[in-house]
Amino acid sequence: MRRLPLASGAPGGAINKILAVGRNYAEHAAEMQAPAEPVIFSKPPTALRMPGEPVRLPRDKGAVHFEAELVVWLAGGGTALTVEASAQLPGAVGLGLDLTLRDVQAEAKQAGRPWTLSKGFDGALPLGRFVEVTRLGPIGDLAFALEVNGAPRQRGEASDMLLSVPEVLAYISGWISLETGALVLTA
C-alpha cells in the first residue's frame, strides 16, 4: 500500500482509495458542458506516481491533457455524511496532476462507456507533497499554480469550485463510503 508523501517529512498515512469529482471548477465545467450533478470517477492505485517517480505518458493513445488540482487525503470517513460532518474529514491537502487521455475519453463518452481507461492508466496521477490541514488555513481559501520549466500553465483557487471540499465529500459519501486513507481529487 502506498503512503502519503508529507511535506513535513513525517510518515504519512496509507492511501487506500482514489476518488475524483470531474468538472468542479466553474471555468472547466462550462468548457466541458458539465451536467448539474457532479461526475464522480475513480483511479486505480497504479495511477499514482509519488514525488520523484518517473511518469511515462502513453505515446500511442492520442492527446494527453492535464489538470493541476487540489487533492485531499482523508483522516476520517463515513457514509451518507452531512456537509458539516464531511468538513472534519480532511487530514492533509496536496496537489496532483490529473492526466487524461482526451481522445480515449471522448470516444468513451460518445459510446456511453466509463472513463476508466482515459483517467486510470498507469501514471495518470502524479502527486506532490501534502501538508497537514492543521498547518493550513481553510481549504476553501487555498490557491495553487502549475508551472512547467518556469512558465505558468494553470492557476486555480479552491473558491472557484462549484462544490466545496465538504460538499464534494458529502455527495460522494451518499454513494460510496469514505474511509481514512482515501484520496479525493477536487476538480
Side-chain angles (χ1 to χ4, degrees), residues 2-32 34-43 47-51 66-99 119 125-147 152-187:
R2 307 296 296 267
R3 299 201 55 88
L4 189 69
L6 287 176
S8 66
I15 299 170
N16 62 17
K17 188 183 294 188
I18 306 166
L19 301 168
V21 59
R23 305 171 180 166
N24 193 33
Y25 283 87
E27 186 176 313
H28 186 59
E31 171 190 337
M32 300 299 286
E37 181 173 302
V39 175
I40 306 299
F41 60 95
S42 64
K43 288 183 180 257
L48 287 177
R49 290 297 178 267
M50 298 301 177
F66 60 87
E67 292 176 79
E69 53 192 77
L70 294 176
V71 181
V72 178
W73 179 82
L74 302 185
T79 302
L81 298 169
T82 65
V83 172
E84 294 76 19
S86 295
Q88 306 307 307
L89 299 183
V93 178
L95 287 180
L97 200 56
D98 179 14
L99 301 178
K119 293 287 213 175
L125 180 56
L127 293 176
R129 300 216 180 269
F130 282 64
V131 176
E132 297 94 340
V133 295
T134 57
R135 303 175 93 197
L136 298 171
I139 294 174
D141 293 343
L142 294 177
F144 59 93
L146 172 66
E147 294 183 354
R153 290 289 185 92
Q154 182 182 344
R155 297 198 186 290
E157 296 182 18
S159 62
D160 292 337
M161 290 191 285
L162 298 174
L163 297 176
S164 68
V165 169
E167 290 170 327
V168 165
L169 298 177
Y171 179 82
I172 292 172
S173 77
W175 296 90
I176 300 169
S177 294
L178 296 176
E179 303 168 320
T180 299
L183 288 182
V184 180
L185 287 73
T186 63

Could you give the distance from [atom1] ([X]) to [atom2] ([Y]), rounded to the nearest 0.5 Å?
{"X": "Glu69", "Y": "Leu185", "atom1": "CD", "atom2": "CG", "value": "4.5 Å"}
{"X": "Lys119", "Y": "Ile18", "atom1": "NZ", "atom2": "CD1", "value": "13.0 Å"}
{"X": "Ser42", "Y": "Leu183", "atom1": "OG", "atom2": "CG", "value": "12.0 Å"}

How close do [X] and [Y] get, heavy atom to heavy atom, and via which atoms?
{"X": "Leu70", "Y": "Ala158", "answer": "CD1-CB, 3.7 Å"}
{"X": "Phe144", "Y": "Gln154", "answer": "CE1-NE2, 4.1 Å"}
{"X": "Glu147", "Y": "Pro152", "answer": "CG-CA, 4.0 Å"}

Flag side-chain contact, heavy atom, 4.5 Å: [X] against [Y]:
{"X": "Val72", "Y": "Leu74", "value": "yes"}
{"X": "Tyr171", "Y": "Val21", "value": "no"}
{"X": "Leu178", "Y": "Leu19", "value": "yes"}
{"X": "Trp73", "Y": "Leu127", "value": "no"}
{"X": "Leu89", "Y": "Val184", "value": "no"}

Residues passing the salt bridge (Lys or Arg N to Asp or Glu O under 4.0 Å) test with Glu179, sequence neighbours excluded, are Lys17
Quick one: salt bridge (Lys or Arg N to Asp or Glu O under 4.0 Å) partners of Arg49, sequence neighbours excluded? none
Pairs of donor and acceptor atoms involving the side chains of residues 128-141, under 3.5 Å and at least two apart or interchain, shall be tabulated with distances.
{"from": "Glu132", "atom 1": "OE2", "to": "Ser8", "atom 2": "OG", "distance (Å)": "3.2"}

If only atom types and distance count, is the side chain of [X] paired as donor or acceptor with the main-chain N or O of [Y] below 3.5 Å?
{"X": "Arg153", "Y": "Leu146", "value": "no"}
{"X": "Lys43", "Y": "Leu48", "value": "no"}
{"X": "Asn24", "Y": "Thr186", "value": "yes"}

With sequence neighbours left out, the residues meeting ring pair (Phe, Tyr, Trp, His ring centres under 6.0 Å) with Phe66 are none
Partners of Thr180 by side chain to side chain donor-acceptor pair (under 3.5 Å), sequence neighbours excluded? none
Identify all side-chain donor-acceptor contacts of residues 161-170 below 3.5 Å with residues at least two apart in sequence or on another chain.
{"from": "Ser164", "atom 1": "OG", "to": "Glu167", "atom 2": "N", "distance (Å)": "3.3"}
{"from": "Ser164", "atom 1": "OG", "to": "Glu167", "atom 2": "OE1", "distance (Å)": "3.3"}
{"from": "Glu167", "atom 1": "OE1", "to": "Ser164", "atom 2": "N", "distance (Å)": "2.7"}

